Enquirer: 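Okay, handing you the structure first.
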Amino acid sequence: MEESGSPPFRKLHFPVGLWINSPRKHFAKLGARWPSAASVKSTTSSDAASLPEAPSSVPSSLSHSTPSLAPPSPSPSPAFLRPRPANQQSRAKRLSHLFLRGRSNSDRDCAIGEREREIWAHSATPSSHHYLPPASSNAPGLVKIYGDALSSGANYRSLLANMHSTSRQLIQQVITRYTERERENESEDTALQKYFPEDFLLCDVIGKPIQQPDGAIKWQTECRRSVASWECPLQLVDMWRPKDDFERRFEIQRLDEYEREEKEKERERERDGESYQVRWRRSRVSSGGGPEEERGHRGRNTELRRSISDMNLSLRRRQGNVSNDPRRSGNAPNGQDRKNIVSMIATEGGEVTGSRSGGGETDRRTRAAEEEKDTCDLEVMSQSLILPPTDRPYFLLLQGYDQSKDFVLYIMAGHTHVFGRKPTFREREMDRERERKGKRPLKVDTYLSAPDLLVRHLLIRRDAAVPEQPRGQALAHPFRGGPVTLNGAPLYREAVLKPGDLLGLGSHFLFLYRDPRVTPAPPLALPPPWQDDMPTSYSPGGMTDRQEMLRLYLGSTESLLRFQAKHADALLQEIILKNSSPDSGGGALAPAYLLSLMTDYASKHLDPAILPQLLLKAANQIKGIVWVSIQKSSAVIPNQEADVELPPPSMQKLSSDLQPLMFWMSNATELLNFFQVKVEAMEKEWEFEVPGDPVLSADMDTCSEALAQLDDVIMHTFQQCVYHLTKTLYSLLPALLDTNPFSSEEKKKGKAGAKDRSGNEGQGDEEEDISSLPPTVAGLVEVYRCSLQLSREACLSPPLTSQTFGYLFFFTNTSLLNTLLERDSLFSWSRAVQIRTNLDLVLDWLQGAGLGDIASEFLKKLSVTVNFLCIPKTRLIQSSWSSLQEEHPLLSPSQLHHLLTHYKLGPTRAPPSSWAPLLGTELGGDIFESFLDHPPLILPNETPRLDLNQPIPSPELMKEVTRLRTFLWGLDQDELPANQRTRL
């Protein structure tokens, strides 16, 4: 049975099954040199088709890799390449090249994983993994690289290379030569285009020059093969020579153009009705590696066994030799037996084809056609014999896009797994640009072939990547804009993925997620009959069930407002129009609460693209209403001139002006805090998105604009509130300096005013306190009381309430102090005591109202000035400039000098010399306080007070939420046929 020249089995210690299944003359063809690793292709392609190969040290459990969906490029036919003739040393090196050469192609094919492939590709030397030339072959050789991929009209460029020069290095040399020439020809101001070796491909082309009728020589290509980046062109030239009458040359081509041409050729083959899948598998045995993006790795450990495709090729070779070679007529029975075995396996209808005697030429042709069909069927059957892994999760394909490119199992080898499609040339350029900026996007682990998928479509994280999740559960994170379904329901945000769940990607792919480590295996997760996030009107079941579910939803106190994306604008208009004033009946924070319910539902259950637009529309609606309100209040303000007396202030008019302003300032503040939380959560969801994505940048700009609109609303309403309050205070403050609180007339006026206030308005503790105050002081306090009451009714944020009264007290301090310094007739002890008494009455009331700390801080300088004037005359005369300046540091030297100079000591008494300022004291400063030094408005940045995890807080809001639910239910009913509508 053994051929002459074949080594004995026992000496080789080689598996007998491998020797039998291998084609005859397999080792005899190794006469000269063992073929390069580039000439044997893997029978399965890897999911990371665009990455270099990995070392064989990766465990074999990783062999179930996601296959690449793009077939490799066609390889040169063996008809045009033949081995180099044997020399004298070839016999001695047969077995040494067989067992002592570097790492085999099948070894490398066992390893998968992006990181391992990169490490192997960059760290290993070509000679340690591929053909090892003899020591005398280190001399440089000349390689001509043809093609005009870099320069239009170029013919070829000659390069010096040695046996270890890879195709990637030669491409880099061509780019360098071309760039240098362009730099010499172009001016300094011209920007040179940058080229990268990854964008080009070196092709091994077999053809011959054809002389044209006009005498020109034209190259005619017979076949071509893409040279892998790690292959050495001079080694290929040394190992394989073209057939007679043919020549070889290397061409440089752009990668995207090469891929496009190969896809066009593949479509032509499909149109011609050829079975390209079978031809692809056959070519893997005899051809070299395709481009890196389309090269694959074996999914199983194949060091010691052959694939079904190899067995079929060997079988056909033996059958052909038996029938055609008269020297092998003695082995015909054995060959016939193997044909019978194949026929019994693959014949349809249960028929067993036995050996036939005679039959003539027609029978032999018929039998050959049946054997070809049986072989193809056996190959198809071998693809179904797949065992899933037992130590890691995997995805079982239930529905795909292209049967010739889709695989049954996709293994989740790492703790993260990204599904996507192959990027275009422009998308690869954008990724490289992001990497140069330090923003490295996620690498795709599995390339799928559907056109409606994104480059990065879905991210799965498990185990170490999500330590907060229990073992067996993973997280599915859809990338922005990628349609994904989980158990039949649209998936817009990250969700828990459990074994048995169904994942849909785009409109074509459907996977079943399995984790064999979880025992017992959970049941399949089928789509539930009714999702909680679906409108109530769409729930199936009988009419009675739907009516009951609708009643439960309408009467539920849960903080939930379901709606469809197409009804978002109508719902927004309904909320704003019916709750645009404090008298709407929903409560002080009704707009903020209802809009928060709407925003919360959209951020959890609707497409993420809806949320930024919803925030901006809500902010614009609120700003429009506030702007109209401000214009109305400004239209009734009279032009104030210096000689026109203002009418006495009315608290009722003040309340009507302040109420809508404080109402919207309070709601805008709550919405601003709530929107900021939602925007931060949205940014957190973008953690795995591609950095610098223009869609995400546009969404962030939209959210920022919405927050800026709410900032403007708060600023304008605050300014208008302060304007109305200070306008009222301006007419009441001077009386605080002129009123004598000790006179009997003022006390009688105070009692009469208290009776009127108690009969018309008076209720509460503040009213009882005001009743005992003098009328002038009570009028000032009434403004503070009205402001405090309106802020409480509007549920104004405490920080904004404090800032509002802080500005009022700043205005009170500045206005009274400037008036006091301007009227030197008040610079006496008796008048200062009256002012001090009135000021103490105001501060006592503010202390009781909870505003004492703020008032004491902003009225400090006025109090210090009045205290200075209240110093007894005898003590003041004995004081010196230094002591007075030390005791009253808040007074500037110019203000202190002004007070001492105009102090009323008596009609004939001059100021003492001790009051004179020290030499060098600066007295040129302004004695008046500036109104421009007011405290800045600081927008609150606090936790929202609206807690949507709690039930609806008030009956008024419950009534409004029920009304909106009924409104949305009516919109759903209008879109249904009459026989499917639900009646209450």
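Keep in mind that what you see is a predicted model, and the values were worked out from it rather than measured. Residues take their numbers from the sequence shown, with the count starting at 1.
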Enquirer: Specify the closest pair of heavy atoms between L671 and A592, including all atoms of both residues, with the distance to one decimal.
Expert: CD2-O, 3.7 Å
Enquirer: Between E956 and K959 (salt bridge meaning N to carboxylate O under 4.0 Å), is one present in this structure?
Expert: no
Enquirer: Which heavy atom of H415 sits nearest a heavy atom of A465, and at what distance?
Expert: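 So the minimum-distance heavy-atom pair works out to O-CB, 3.6 Å.
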Enquirer: When you measure from the side chain of D501 to the backbone of Y513, do you find a donor-acceptor pair of N or O atoms at a distance under 3.5 Å?
Expert: no
Enquirer: Nearest 0.5 Å please: distance from the CG atom of D701 over to the CG atom of L616.
Expert: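 Between D701 CG and L616 CG, I get 11.0 Å after rounding to 0.5 Å.
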Enquirer: Can you give me the closest heavy-atom contact between L454 and H457, atom names plus distance?
Expert: N-ND1, 3.1 Å
Enquirer: Between CG of L790 and OG1 of T801, what distance do you get to the nearest 0.5 Å?
Expert: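 That separation rounds to 11.0 Å.
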Enquirer: Could you walk me through whether E793 and Q789 pass the side chain to side chain donor-acceptor pair (under 3.5 Å) check?
Expert: CA-CA 6 Å; E793 291 176 356; Q789 181 180 356; 3.2 Å; yes
Enquirer: Is the side chain of S629 donor-acceptor paired with the backbone N or O of I625 at a distance under 3.5 Å, no angle test?
Expert: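 No.
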Enquirer: Is Q803 reaching over with its side chain to a backbone N or O of I938, donor-acceptor style, under 3.5 angstrom?
Expert: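 Pair found, side chain donor or acceptor close to backbone of I938.
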Enquirer: For M651 and V783, what are the C-alpha separation, side-chain angles and deciding distance, and is it a side chain to side chain contact (heavy atoms under 4.5 Å, CB included)?
Expert: CA-CA 7 Å; M651 291 300 107; V783 176; 3.7 Å; yes
Enquirer: From the options L594, T669, N667, L957, select the one residue that forms a side chain to side chain contact (heavy atoms under 4.5 Å, CB included) with L589.
Expert: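 Of L594, T669, N667, L957, side chain to side chain contact (heavy atoms under 4.5 Å, CB included) with L589 is met by N667 alone.
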Enquirer: Salt bridge or not between D699 and R480? Use side-chain N to carboxylate O under 4.0 Å.
Expert: yes
Enquirer: Which heavy-atom pair separates A619 from Q709 by the least distance, and what is that distance?
Expert: CB-CB, 3.7 Å
Enquirer: Taking the side chain as every heavy atom from C-beta outward, state whether E670 and R945 have any pair of such atoms under 4.5 Å apart.
Expert: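 Answer yes - side chains close enough.
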Enquirer: So do L486 and L502 actually touch side chain to side chain, heavy atoms under 4.5 Å?
Expert: no
Enquirer: Please identify each residue that fulfils ring-ring contact (aromatic ring centres under 6.0 Å, His included) with Y784, with sequence neighbours left out.
Expert: F809
Enquirer: Testing the basics here: between I714 and M665, what is the closest heavy-atom pair and its distance to 0.1 Å?
Expert: O-SD, 4.2 Å
Enquirer: Are any side-chain N or O atoms of R462 and backbone N or O atoms of P393, one a donor and one an acceptor, separated by less than 3.5 Å?
Expert: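 Flag not set: sc R462 to bb P393 has no pair under 3.5 Å.
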Enquirer: Do Y730 and F811 have side chains that get closer than 4.5 Å, going by heavy atoms?
Expert: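 Y730 vs F811: side chains touch.
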Enquirer: Which distance, rounded to the nearest 0.5 Å, do you find between the CD of E782 and the CG of L732?
Expert: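 So the gap between those two atoms works out to 10.0 Å.
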Enquirer: For a quick test of reading the model, state the closest non-hydrogen atom pair linking S787 to L658 and the distance between them.
Expert: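 Heavy atoms only, the tightest pair is OG-CD1, 4.5 Å.
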Enquirer: For a 4.5 angstrom cut-off between non-hydrogen side-chain atoms, does H477 reach R461?
Expert: no
Enquirer: Quick one: do the Y593 and S559 side chains pair a donor with an acceptor below 3.5 Å?
Expert: yes
Enquirer: Quick check: does any side chain N or O of T717 sit under 3.5 Å from a backbone N or O of W664, one acting as donor and the other as acceptor?
Expert: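 Judged by distance alone, no pair lies under 3.5 Å.
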Enquirer: Are the side chain of N673 and the backbone of T943 linked by a donor-acceptor contact shorter than 3.5 Å?
Expert: no
Enquirer: Spell out, as yes or no, whether a donor-acceptor pair under 3.5 Å connects the side chain of S666 to the backbone of M662.
Expert: no
Enquirer: Just wondering, do V677 and F674 contact through their side chains at under 4.5 Å, heavy atoms?
Expert: no
Enquirer: Under a 4.0 Å threshold between the charged nitrogen and the carboxylate oxygen, would E435 count as salt-bridged to K443?
Expert: yes
Enquirer: In terms of relative ring orientation, are Y601 and F563 parallel, tilted or perpendicular, with 30° and 60° separating the classes?
Expert: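 Rings of Y601 and F563: tilted, as their planes differ by 30° to 60°.
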Enquirer: Could you check whether F479 and F688 have their ring centres less than 6.0 Å apart?
Expert: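 No, ring centres 6.0 Å or more apart.
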Enquirer: So, do T804 and S791 sit near enough that their side-chain heavy atoms are less than 4.5 Å apart?
Expert: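 Side chain of T804 against side chain of S791, heavy atoms only: no contact under 4.5 Å found.
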Enquirer: How far apart are the C-alpha atoms of I576 and I622, what are their side-chain angles, what is the distance that settles it, and do they pass the side chain to side chain contact (heavy atoms under 4.5 Å, CB included) test?
Expert: CA-CA 8 Å; I576 295 294; I622 294 174; 4.2 Å; yes
Enquirer: Please lay out, stage by stage, how S581 and S584 fare under the test side chain to side chain donor-acceptor pair (under 3.5 Å).
Expert: CA-CA 6 Å; S581 67; S584 301; 3.2 Å; yes
Enquirer: Tell me if a side-chain donor or acceptor on S856 pairs with a main-chain N or O of D853 at a distance below 3.5 Å.
Expert: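 No; zero donor-acceptor contacts below 3.5 Å.
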Enquirer: Assess whether side chain to side chain donor-acceptor pair (under 3.5 Å) is satisfied between K678 and T599, documenting all intermediate values.
Expert: CA-CA 8 Å; K678 290 301 178 182; T599 304; over 6 Å; no
Enquirer: Output the distance between atom CG (L948) and atom CG (L597), rounded to the nearest 0.5 Å.
Expert: 5.5 Å
Enquirer: Using the salt bridge (charged side-chain N to carboxylate O under 4.0 Å, His left out) rule, take K578 and E960 through it: C-alpha gap first, then chi angles, then the decisive distance, then the call.
Expert: CA-CA 9 Å; K578 297 298 176 63; E960 184 64 19; over 6 Å; no
Enquirer: Can you tell me if R965 uses its side chain to pair, donor with acceptor, with the backbone of L560 under 3.5 Å?
Expert: yes
Enquirer: Between R456 and D431, is there a salt bridge with N-O shorter than 4.0 Å?
Expert: yes
Enquirer: Heavy-atom distance under 4.5 Å between the side chains of L561 and L968, does that happen here?
Expert: yes
Enquirer: Answer whether the closest heavy-atom distance between the side chains of E683 and C703 falls below 4.5 Å.
Expert: no
Enquirer: With side chain to side chain contact (heavy atoms under 4.5 Å, CB included) as the test, would you mind laying out the steps for T485 and L503 before giving the verdict?
Expert: CA-CA 6 Å; T485 59; L503 268 177; over 6 Å; no
Enquirer: Quick one: does any side-chain atom of S556 pair with a main-chain N or O of L552 as donor and acceptor, under 3.5 Å?
Expert: no
Enquirer: First locate atom CD1 of I575, then atom CZ of R963, and finally report the distance between them rounded to the nearest 0.5 Å.
Expert: 8.5 Å
Enquirer: Can you check side chain to side chain contact (heavy atoms under 4.5 Å, CB included) on T812 and V842, steps first, answer last?
Expert: CA-CA 11 Å; T812 301; V842 175; over 6 Å; no
Enquirer: For the atom pair CG (L614) and CG (D569), what is the distance rounded to the nearest 0.5 Å?
Expert: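 With rounding to 0.5 Å, CG (L614) is 8.5 Å from CG (D569).
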